[in-house]
Enquirer: 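Here it is, the structure, as structure tokens.
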Amino acid sequence: MAVTSKFHQECYRFLMQIPKGKITTYKELAKAMDSRAWRAVGSAMSNNPNLMTVPCHRVIRSDGRIGSYALGEAEKERLLIQEGIPVESGRIVNFQNFLHDWDLHQ
DNA sequence: GCTTTGACACTAA
DNA sequence: CTTAGTGCCAAAG
């Protein structure tokens, strides 16, 4: 089985801080980790060990589009709508209003 | 240890 | 609006 690198663990640790109804972008998540590895963050999501505990569906693109998901974009969109995030034409409506405010004392 | 691969970001056309 | 090109960084080959 794939070794979960420290970088990936950090991704999951930060991601698990995001509550239901809030979202973030790959770029913002990397920034919270004081990194610029947006793509590496995406790779970490792809290697997501547990969809139940790691809400990777709450991570979208910086341009407001849904982005990919292990179970398909349609499923990702469905989950977001279910959590109260408005989605229209595969894009989050005013996604900036739902961005998670990272805790400074993480 | 260099090259290729990605659930991305940004700009230009 | 979409496509093409370039940049980004970690992980895998």
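A, B, ... follow the sequence lines: proteins, then strands. Residue 1 opens every chain. From a predicted model like this one, the values you see are computed outputs, not experimental measurements.
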Enquirer: Among the candidates C:dC8, C:dA11, B:dA7, find the nucleotide nearest to the side-chain atoms of A:S5.
Expert: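 Closest of the options to the side chain of A:S5: C:dA11.
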Enquirer: If we ignore hydrogens and angles and just use 3.5 Å, is the side chain of A:R91 paired with the main-chain N or O of A:D63 as donor and acceptor?
Expert: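 Here the side-chain-to-backbone pair exists.
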Enquirer: Taking only the side-chain nitrogens and oxygens of A:R39, find out if one of them lies under 4.0 Å from OP1 or OP2 of B:dG6.
Expert: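 Result: no.
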Enquirer: Name the residue closer to the 5' end of DNA chain C, choosing between A:W38 and A:S43 according to the nucleotide with the nearest heavy atom.
Expert: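 Closest to the 5' end, via its nearest nucleotide, is A:W38.
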Enquirer: Check every atom of C:dC9, B:dA9, C:dA11 against the side chain of A:T25 and return the nucleotide holding the closest atom.
Expert: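 Nearest listed nucleotide: B:dA9.
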Enquirer: By the 4.0 Å heavy-atom rule, please label A:Y69 as base, sugar-phosphate, or nothing.
Expert: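 Here A:Y69 touches the bases of the nucleic acid.
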Enquirer: Nearest-Å distance, CD (A:E88) to P (C:dC1)?
Expert: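 So the CD-P distance, A:E88 to C:dC1, works out to 11 Å.
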Enquirer: Is any side-chain nitrogen or oxygen of A:K6 closer than 4.0 Å to OP1 or OP2 of C:dA10?
Expert: no
Enquirer: Nearest whole angstrom, please: distance from the P of B:dC8 to the NZ of A:K31.
Expert: 18 Å
Enquirer: Out of curiosity, A:Q82 CD to A:E75 CD, how far, rounded to the nearest 0.5 Å?
Expert: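 Interatomic distance, A:Q82 CD to A:E75 CD, rounded to 0.5 Å: 8.5 Å.
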Enquirer: Nearest whole Å is fine: how far is B:dA7 P from A:Y12 OH?
Expert: 12 Å
Enquirer: Can you tell which of C:dC9, B:dA7, B:dC10 lies closest to the side chain of A:S62?
Expert: B:dC10
Enquirer: Tell me: CZ of A:F95 to C1' of B:dA9, nearest whole Å?
Expert: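 Checked: the CZ to C1' distance equals 12 Å.
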Enquirer: What's the shortest heavy-atom distance between A:V59 and A:K76, and which atoms?
Expert: O-NZ, 2.7 Å
Enquirer: Tell me the interatomic distance from A:M45, atom CE, to C:dC9, atom P, rounded to whole angstroms.
Expert: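 So the two atoms are 18 Å apart, to the nearest Å.
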Enquirer: Write down the distance between CG (A:L51) and C1' (B:dA7), rounded to a whole number of angstrom.
Expert: 12 Å
Enquirer: Contact class for A:A40 (heavy atom, under 4.0 Å): base, sugar-phosphate, or nothing?
Expert: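 It contacts base atoms.
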Enquirer: Starting from the C-alpha separation in whole Å, work towards a yes-or-no answer on side-chain contact (heavy atoms from CB on, under 4.5 Å) for A:L29 and A:I18.
Expert: CA-CA 10 Å; A:L29 178 53; A:I18 301 180; 5.8 Å; no
Enquirer: Expressed in angstrom and rounded to an integer, what is the separation of A:N48 atom CG from B:dG6 atom P?
Expert: 18 Å
Enquirer: Given C:dC9, B:dA9, B:dA7, which nucleotide is nearest the side-chain atoms of A:R61?
Expert: B:dA9
Enquirer: Write down the atom of A:S62, the atom of A:F95, and the distance for their closest heavy-atom approach.
Expert: O-CZ, 3.3 Å
Enquirer: Report the distance from atom CD of A:E28 to atom C1' of B:dC10, rounded to the nearest whole Å.
Expert: 15 Å
Enquirer: Got a donor-acceptor pair under 3.5 Å from the side chain of A:Y26 to the base of B:dA7?
Expert: yes
